[in-house]
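Just so you know, these numbers use all the heavy atoms, side chains as well, and skip hydrogens, waters and symmetry mates.
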There are 2 protein chains.
Amino acid sequence: MTENPTRQPSAGQTRRRGAVLEEAILRAAVDELTESGFAGLTMDKVAARAGTNKNAIYRRWPNRLALGIAAYRQLATTVQPPDTGDLRSDVLELLRGANRHWSSPLGAILRELLSAAGGTSELLAQLQEQSSDAAAAPWLTILGRAVARGEASPEALHPRVATVAVVLLRNEFVVRGAPTAPDDVLVEIVDEVYLPLVRRRDPAPN
Amino acid sequence: MTENPTRQPSAGQTRRRGAVLEEAILRAAVDELTESGFAGLTMDKVAARAGTNKNAIYRRWPNRLALGIAAYRQLATTVQPPDTGDLRSDVLELLRGANRHWSSPLGAILRELLSAAGGTSELLAQLQEQSSDAAAAPWLTILGRAVARGEASPEALHPRVATVAVVLLRNEFVVRGAPTAPDDVLVEIVDEVYLPLVRRRDPAPN
DNA sequence: CAATTAGGGTACGGCGAGTACCGTAAATTC
DNA sequence: GAATTTACGGTACTCGCCGTACCCTAATTG
């Protein structure tokens, strides 16, 4: 019952090749990933589910992690920046969205992958697009509007500054093992750190 | 040559028990950890090196990760907060120290362990003492002095605010796979984020 | 219709975690 | 100081799973 092979083992089917097979493998990997997480993603199961064997997988991906990342990328979504007209509301909404994402099954998978990659730059780079760099864009967007409104300082339009809130939130997940961050924490990050940082600040007298 | 059994296998030694044996195991684990990292820490090797067998280990630690963490804790050191008389200098020095630590072999091990723990709260908690919460203390110390000097705002004396710089730095390690963070990044964190955040800020006019 | 390429089937090597016994030395009890 | 309990030592084994190696055969190429 756990199996749902796309291809019947010995039906009179035609043998798949190239892109068709590749997609079938990737789809199988995605299914395994969503069902069992990365820890449960085994090459044998993916092969069986795709109705093929490990050879075909290893011909395309060098190892389990690479396959896992490729599969995850199929699931990634992009974030639409909110526009409530108020900086604090925008920030909170964006941050709550991030919290929801990392608390979701998909977020759990992302955390597993980050863990498994454990400092392997080449592979991490492929996850960053989904997790941090692409994540900088919406923050810059809402800050841009806030700057126009006079709510935020222009200095805040700097990726490192703009993303401080998400970085602090991610820290909660990485260092505490919490499955989800309580809303108090988000509010605290926003009110104690983020807003004081980005709000229009009068040039400090040396 | 990789072996240095504390106990000669069949010498006329007395059989070790309890605390004595426990320390021998832990010392063996520490040695393996420093030589081969957590990835190379094998229960068999630790047992061999301690001149015992895996039973004795599993009777004390439930699994490899728990042993690794216990061994790491033997190596942890505490940080002495600097006191240069200038907030920016103190901050930079503390941050550079953290960067050095995470770039060091010991830091690599810590990152491996964080990776392997991957969100297991109970075990992570044992690492936090060494990595984040204990790390909050020196920051509060230097900030306390800066507040007294009038250099920093009293609102900065809040763990989440005080540790922002290290959290951002750790993020560099976790999300980029960099073996070490370039000094520019540290300076940027300090000048673009940390100082603007903690410096005396005149109450924003709504 | 050859020749080449890529899938399918299958088996296997290797490694390391965790477990199961069993005999024996050390501590504990009386 | 003997009997009992507890804990170590030795060893062997199961299990899971990654990654690889063949060998045969279907699809593609020309």
Side-chain donor/acceptor of S115(B) to backbone N/O of S115(A), under 3.5 Å: yes
Quickly work out the R16(B) CZ to dA26(C) C1' distance and round it to whole Å. 14 Å
Before giving the answer on side chain to side chain contact (heavy atoms under 4.5 Å, CB included), spell out for D83(A) and I142(A) the whole-Å C-alpha distance, their side-chain angles and the decisive distance to 0.1 Å. CA-CA 7 Å; D83(A) 189 5; I142(A) 67 170; over 6 Å; no
Rounded to the nearest 0.5 Å, what separates atom CZ in R96(B) from atom CG in L186(B)? 6.5 Å
Polar atom pairs (N or O), protein with nucleotides 10-12 of chain C, under 3.5 Å:
none

To the nearest angstrom, how far is E22(A) atom CD from dA6(C) atom P? 12 Å
Identify, between L41(A) and R60(B), the residue whose nearest nucleotide on DNA chain D lies closer to the 5' end. R60(B)
Would you mind reading off the distance between Y58(A) atom OH and dG19(D) atom C1', rounded to a whole angstrom? 5 Å
In this structure, which one of V190(A), D184(A), D183(A) forms a side-chain contact (heavy atoms from CB on, under 4.5 Å) with V187(A)? D183(A)
Tell me whether R160(B) contacts the main-chain N or O of V193(A) through its side chain, where contact means a donor paired with an acceptor under 3.5 Å. no
CG-CZ distance between L110(A) and R170(A), expressed to the nearest 0.5 angstrom: 8.0 Å
Main-chain N/O of D31(A) paired with T34(A) side-chain donor or acceptor, under 3.5 Å: yes
In whole angstroms, how far is the C1' atom of dA17(C) from the CZ atom of F38(B)? 11 Å
note: D44(A), atom CG; dG9(C), atom P; distance rounded to Å ~ 14 Å
Check whether NZ of the Lys or CZ of the Arg R64(B) lies under 6.0 Å from the centre of the six-membered ring of F38(B) and within 45 degrees of that ring's axis. yes
Any sub-3.5 Å donor-acceptor pair from K45(B)'s side-chain atoms to G40(B)'s backbone N or O? yes
Would you kindly give the CG-to-P distance between L21(A) and dT25(D), to the nearest whole Å? 20 Å
Side-chain donor or acceptor of D90(A) paired with backbone N/O of T84(A) under 3.5 Å: yes
Pull out every protein N or O sitting under 3.5 Å from an N or O of nucleotides 28-30 of chain D, one pair per line with the distance.
none

Would you mind checking if R49(B) and E35(B) are paired as a salt bridge, meaning a charged N to carboxylate O distance below 4.0 Å? yes
Stretch residues 61-70 of chain A: residues that reach within less than 4.0 Å of DNA chain C through a heavy atom: none
At under 4.0 Å, does any side-chain N or O of R59(A) touch on OP1 or OP2 of dG7(C)? yes
